[in-house]
Amino acid sequence: MGLLEGKVVVITGAGGGIGREHALAMAGEGAAIVVNDLGGARDGTGGGASMADETVDLIKQAGGEAVANYDNVATVEGGQGILRTALEAFEQVDVLVNNAGILRDKSFSNTTEDLWDPVIAVHLKGTYCVTHPVYNHMKERGAGGVIINTSSTSGLNGNFGQCNYGAAKAGIAGFSRCLAIEGKKYDIRVFVLAPVALTRLTEDLGGFGNDEMKERMNPAAVSPLVTYLASDLAKDMTGKTFFCGGGRIAEMKVVTNTGVTKSDASALWTPEEIAGHMKAGEILLPE
Ligand SMILES: NC(=O)c1ccc[n+]([C@@H]2O[C@H](COP(=O)([O-])OP(=O)(O)OC[C@H]3O[C@@H](n4cnc5c(N)ncnc54)[C@H](O)[C@@H]3O)[C@@H](O)[C@H]2O)c1
């Protein structure tokens with residue numbers, strides 16, 4: 001029996017890249033898949049049915065169950081439409097993977113509103129627009145659920161030329177950490193994924209090394225972690241962030257060290273005292 005037998009999984013942006021691999025992997029474990037994809041270009045322009053339809057065809061050819069949805073994740077109506085497609089086809093949603101994404105890279109001084117707004121809209125607002133109706137469906141149904149939100153090392157660690165994308169991806173991580181706390185009451189588990197893979201989003205960035213490295217960076221290498229998190233194998237875990245790519249899986253975390261505490265009742269340091277403690281290595285985390 002597959003790990004996700006009887007589960008219904010919604011994956012946004014599953015018409016290509018990493019999302020398509022999630023869809024194929026999870027269908028292979030017995031899940032019925034809602035394949036959402038707007039079908040646009042890398043920068044979010046255009047649209048069409050063919051990308052989502054292709055993924056659905058691939059799943060069906062392999063003997064799995066899937067339905068297509070072409071809604072835009074960046075609108076409230078789009079999010080509601082995705083849930084409607086799932087309920088009409090399969091009557092429930094057990095797992096949501098927010099994966100849809102676009103890129104409009106530019107160094108910050110050259111970033112304009114038309115590069116900022118759509119990136120925030122698809123990633124950050126899109127995560128809200130789809131999660132809100134699906135989370136409420138899971139809560140009302142009372143059978144728990146899993147929500148996996150796609151962030152990025154660009155948002156969690158930083159990257160040149162991606163202030164818009166990094167802001168959205170860090171926002172997704174913050175949103176997920178809060179939702180994981182709220183979701184505990186309803187057995188809704190929430191995770192953050194920071195993937196790395198060779199797809200149309202990253203193919204012109206270089207840095208993937210030789211052919212052997214490129215092979216290791218294939219997007220299918222990210223999907224086993226997502227399948228694991230969605231399954232009962234991870235049923236005791238929530239709120240965690242994982243890096244995954246090229247065969248490496250690692251937890252990522254925001255950490256606060258013990259630091260130093262001013263003992264005076266005023267709690268007021270002088271800047272010079274702070275400089276002293278900085279120099280003594282008592283405030284900074286190790287590099
Ligand atoms: N490839 C990487 O190394 C990498 C690194 C970090 C994060 N990510 C994230 O992983 C996710 C998948 O990226 P990918 O590399 O597979 O790229 P991709 O372009 O192959 O996949 C993104 C998919 O999202 C769809 N999409 C875009 N806007 C949409 C919208 N408004 N509504 C519905 N669908 C929409 C696209 O049509 C596309 O099929 C993205 O969120 C991306 O930011 C990727």
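All figures in this text were calculated on a predicted structure; none of them were measured in a lab. Read the numbers this way: they start at 1 and go in the same order the structure lists the ligands and their atoms.
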Distance-only side-chain donor-acceptor flag, Gln162 / Asn164, under 3.5 Å: no
Identified side chain to side chain donor-acceptor pair (under 3.5 Å) partner of Thr55 from the options His22, Glu21, Arg20: Arg20
Listed partners of Phe243 passing ring-ring contact (aromatic ring centres under 6.0 Å, His included), at least two apart: none
ring-ring contact (aromatic ring centres under 6.0 Å, His included) pairs, two or more places apart, involving residues 155-193: His123-Tyr165
Exam field: side chain Lys7 to backbone Ala230, donor-acceptor pair closer than 3.5 Å: no
Counterpart residues, side chain to side chain donor-acceptor pair (under 3.5 Å), relative to Thr45 (two or more places apart): Asp43
Shell of residues surrounding ligand 1, defined by a 4.0 angstrom heavy-atom cut-off that is strict: Gly13, Gly16, Gly17, Ile18, Asn36, Asp37, Leu38, Gly39, Gly40, Met51, Asp71, Asn72, Val73, Asn99, Ala100, Gly101, Ile102, Val122, His123, Thr150, Ser151, Ser152, Tyr165, Lys169, Pro195, Val196, Ala197, Thr199, Arg200, Leu201, Thr202
